[in-house]
S.K.: 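Have a look at the structure that comes next, please.
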Amino acid sequence: MGSQLIVGLDVSTRARAEEIVAALGDAVDFYKIGYQCFYGADGYSLGKALLAAGKKVFFDLKLLDIDNTVEKGVAAIAETGATMLTVHAYPKTMRAAQKAASGSGLCVLGVTVLTSMDDQDVKDAGYERDAAGLVALRAQQAREAGIGGIVASPHEAEMVRTIIGPKMALVTPGIRPAGSARGDQKRVMGPAEALAAGASHLVVARPIIEAADPAAAARAILAEMDGKRVSLA
């Protein structure tokens with residue numbers, strides 16, 4: 001169950017990230033390193049240190065560029081031994097990323113629609129579909145590209161699972177356990193509900209890393225997840 005919970009190290013210093021990891025101890029073995037940590041806290045070397053310590057690492061970098069640049073970036077991350085890496089869910093980008101990751105243990109994830117976006121935000125961005133429609137399109141394109149999984153709101157998890165089938169990873173941010181604030185997220189769900197809807201991994205940051213006792217917060221979320229585990233075929 002622990003490997004289904006991914007804790008987002010959304011902090012700006014290496015020292016703070018290491019404090020959180022130490023506080024969590026054996027309660028958590030999977031960490032996400034996004035922009036804030038990657039650029040502000042030397043997240044690349046932090047990730048390598050976590051991997052050396054036997055932890056799993058998800059580099060949430062949302063790569064998008066010309067094919068050759070994406071390939072080289074993905075290849076560099078694959079060499080670290082990381083478990084997951086995000087790219088934007090554009091067909092060419094996903095195909096280039098999968099080409100670079102092939103033969104490694106890296107699971108490429110296509111980011112569909114951010115959980116901070118709702119239908120109006122999607123419309124404002126120039127799309128003629130609503131959020132769920134855009135997620136569905138990109139989920140199908142991710143499956144066709146042959147990547148390892150996608151990132152989507154838990155609100156679309158049930159629909160996405162029917163599109164991508166049982167084997168692909170479905171990583172859901174926007175997870176808020178009972179009693180926690182929504183923050184800037186618009187499409188959120190509880191841990192057990194998200195797993196029941198078809199998510200394979202849950203990303204949680206603020207409800208854990210901002211808690212007075214991060215390990216206790218993580219264990220409470222794991223307890224909510226208990227009995228709802230999704231096994232990939």
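Position 1 is the first residue of the sequence; numbering continues from there.
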S.K.: Is there a side chain to side chain contact (heavy atoms under 4.5 Å, CB included) between Thr80 and Phe59? Walk through the geometry before answering.
M.R.: CA-CA 10 Å; Thr80 68; Phe59 283 109; 3.9 Å; yes
S.K.: Using a 3.5 Å distance criterion without hydrogens, assess whether the side chain of Arg143 forms a donor-acceptor pair with backbone atoms of Ile163.
M.R.: yes
S.K.: Does Leu202 form a side chain to side chain contact (heavy atoms under 4.5 Å, CB included) with Ile6? I'd like the steps, not just the answer.
M.R.: CA-CA 6 Å; Leu202 311 182; Ile6 304 173; over 6 Å; no
S.K.: Would you indicate whether Lys99, at its atom NZ, is surrounded by more than 12 heavy atoms from other residues, nucleotides or ligands within a distance under 6.0 Å?
M.R.: no
S.K.: Checking the side chain of Asp60 only, and the main-chain atoms of Lys32 only, is there a donor and an acceptor separated by less than 3.5 Å?
M.R.: no
S.K.: Please report the closest heavy-atom contact between Ala139 and Ile150, naming both atoms and the distance.
M.R.: CB-CD1, 3.9 Å
S.K.: Whether the side chain of Thr86 engages the backbone of Val111 through a donor-acceptor N/O pair (distance < 3.5 Å, no angle test) should be reported.
M.R.: no
S.K.: Counting only heavy atoms not in Tyr35 (residues, nucleotides, ligands), do more than 12 fall under 6.0 Å from its OH?
M.R.: yes
S.K.: Give the minimum heavy-atom separation between Ala205 and Asp10, together with the two atoms involved.
M.R.: CB-OD2, 3.3 Å
S.K.: So Val57 and Thr83, side chain to side chain contact (heavy atoms under 4.5 Å, CB included) or not? Walk me through it.
M.R.: CA-CA 6 Å; Val57 172; Thr83 299; over 6 Å; no
S.K.: Let me know which of Val70, Val87, Thr93 forms a side chain to side chain contact (heavy atoms under 4.5 Å, CB included) with Asp65.
M.R.: Val70
S.K.: Would a distance-only check, ignoring hydrogens and angles, find a side-chain to backbone donor-acceptor pair under 3.5 Å from Arg161 to Gly165?
M.R.: yes
S.K.: Output all residues satisfying side chain to side chain donor-acceptor pair (under 3.5 Å) with Asp124, sequence neighbours left out; order by chain, then residue number.
M.R.: Gln120
S.K.: Can you check whether Ala41's main-chain N or O pairs, donor with acceptor, with Thr13's side chain at less than 3.5 Å?
M.R.: no
S.K.: If the threshold is 4.0 Å, N to carboxylate O, is there a salt bridge linking Lys123 and Asp121?
M.R.: no
S.K.: Just how far is it from atom CE of Met159 to atom OG of Ser153, taken to the nearest 0.5 Å?
M.R.: 9.0 Å
S.K.: Going by heavy atoms in the side chains, are Leu50 and Leu9 under 4.5 Å from each other?
M.R.: yes
S.K.: Is a side-chain donor or acceptor of Glu79 paired with a backbone partner of Ala76 at a separation under 3.5 angstrom?
M.R.: no
S.K.: In the structure I gave you, are the side-chain heavy atoms of His201 and Phe58 within less than 4.5 Å of one another anywhere?
M.R.: no
S.K.: Looking at Glu158, I'd like to know if its CD atom is crowded, meaning that more than 12 non-hydrogen atoms belonging to other residues, nucleotides or ligands lie closer than 6.0 Å.
M.R.: no
S.K.: Would the distance check show the side chain of Ser104 and the main-chain N or O of Ala78 forming a donor-acceptor pair, the cut-off being under 3.5 Å?
M.R.: no
S.K.: Any salt bridge linking Lys55 with Asp29? Criterion: basic side-chain nitrogen under 4.0 Å from a carboxylate oxygen.
M.R.: no
S.K.: Can you check whether Ser200's main-chain N or O pairs, donor with acceptor, with Gln4's side chain at less than 3.5 Å?
M.R.: yes
